[in-house]
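As structure tokens, the structure follows; a few thoughts come after it.
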Amino acid sequence: MSVPALLASPFAHVILVGLAGILAWGLIPARRSNTRLLVQIAFFLAMTALLLRDSLSPSMVESRRTAEDGALLVVAARLLWWVHLAWATIGVVRITLVLEGRPREARLLQDLVVGGVYLGVGLSILAFVFGIPIGTLVATSGVIAIILGLALQSTLSDVFSGIAMTLGRPFAIGDWIVLSDGTEGRVVESTWRATHLLTGASNLVVLPNSFLARLGLTNVSRPDESHLVSLSLRLAPTRMPAAVIEVMQMALLSADSIVKEPPPSVALTGLDASALQMDLSFRVASPARRSQARNEVIDLVYRHCKSAGLLLAPPPGGIAAIKDLPTEETASPPQVSPLALIEAMPIFAGLTHQEKQALAEATAPRAYRKGEVIVREGDALSSLMILRAGIVVMRHGGAEAGRLAPGDFFGETGLLAGMGEACTLEALTRVTVYEIGQEAFEPLIHDRPALAEDLAQGLSARAEKARANGIHGARHDRGAHVFLGAIRTVFHRKPAG
């Protein structure tokens, strides 16, 4: 067949349109997927129209396969038509799955559909373009598939388990799950074969999908990320249970790392001659904060118990004589003296016992009613306030910034450096504090110049902690040298040297 005759063939026109479609598709940026799809469909319809115009069918096998009759031209045209059909079908599938708004299923279904389309088109090309009988091929491939299935049984089990979990959606990327064998972590990736968990210890655990499908799992991120934590306690029966519950509720109320809604609860679970047993239940914003919240609650329970004079009970397996067990009549509650609180304060760690004793003797108790404002943001206190009992809430810019419990202190920036408070402090409950005035510190600063440097370092560290907790402000954005200069100014000291 001559060249002009070949160019006049409708199959040549189909080839030109198909190649033009490939060129146009390649020139369109990948981010414009909708435009690419429209171009694919348009060129595929144009190729189909050219074939139908001349009553030609891409599925009709030619009986003559000689070069003179343009057989290569026919093969090329039909091959391009089937390729464009596959691309147009895949484009429609991808756009449809994206519009569904389910990216995890879209990725899996897209892979499945694309694989099915390419397989079907490949068999169609073999049958209708090259005239190869695919019945024998399919039978042979079935035997091969059985052999491969037996050899890849574990891999196929992982793949089909991944498909089942993807369609069932027991979890999504970013969810925190707990398995029945104790493994837990956040889902960071889910592939055909395995699911990747990032544990609380920042370790990556890779679990085969077949193994994961056999285990029961708890998705603690559904319906939300908050997680329930329980803490069991045993206290000596030295007070009425109602009074003990009130102290425990105060401890939970003063915790910053637990969520306030729903509120935490205290449930009595048992009472005998040796102990009052109870469970504290509270929720945290995410499972990753369980350890932090549990540590804080245990610390606050200890402090509130010391403040209220409650005693911890011995463990259930402990051996104790009945006559030695503390009761409400015989218990000797621990005393929280001003000296004990001062010794617990890190900014006074460098003082001697005699100096701490002098400060303790200068303390004076003060009480505040529930809801009373102790100091407003920006105002400076002239005394150090050590919280003896109750809860103080800190508010910065109208929002709650934290809570103070027995053993905490405030007012040190005003007392020592003459600076205003970074937060408004308000009594959340009835509050009792020990107050220490400036006159008690003046002889210490005068006799021990190095003490001013120790206090400046302590104030600087406390300011850094306040900034880490989101409490910002010019009054606390100071270094140790600025605090040192302020302390010397307040106590009328000149720099040494």
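Index from 1, following the sequence. These values consider heavy atoms only, across backbone and side chains, with no hydrogens, waters or symmetry-generated copies.
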Would you mind reporting whether [Y] and [X] have side-chain heavy atoms less than 4.5 Å apart?
X: L280; Y: V301; answer: yes
X: L179; Y: I177; answer: yes
X: C305; Y: L235; answer: yes

Distance check, rounded to the nearest 0.5 Å: [X] atom [atom1] versus [Y] atom [atom2]?
X: L231; Y: M248; atom1: CG; atom2: CE; value: 10.0 Å
X: T269; Y: Q277; atom1: OG1; atom2: CD; value: 5.0 Å
X: R376; Y: C423; atom1: CZ; atom2: SG; value: 13.5 Å

**Asked** In chain order, what residues pass the salt bridge (charged side-chain N to carboxylate O under 4.0 Å, His left out) check against D299, with sequence neighbours excluded?
**Response** R303
**Item:** Any residue meeting salt bridge (charged side-chain N to carboxylate O under 4.0 Å, His left out) with D175, in chain and number order, not counting sequence neighbours
**Value:** R222
**Message:** Atom NZ of residue position K370 - does it have more than 12 heavy atoms of other residues, nucleotides or ligands inside 6.0 Å?
**Reply:** no
**Message:** Within a 6.0 Å radius of atom CD on E296, are there more than 12 heavy atoms belonging to other residues, nucleotides or ligands?
**Reply:** yes
**Item:** Test applied, side chain to side chain contact (heavy atoms under 4.5 Å, CB included); reference residue, Y368; option that passes from R430, M385, E426
**Value:** M385
Pair [X]-[Y], side-chain donor/acceptor within less than 3.5 Å:
X: R388; Y: S307; answer: yes
X: S383; Y: E435; answer: yes
X: S230; Y: D279; answer: no

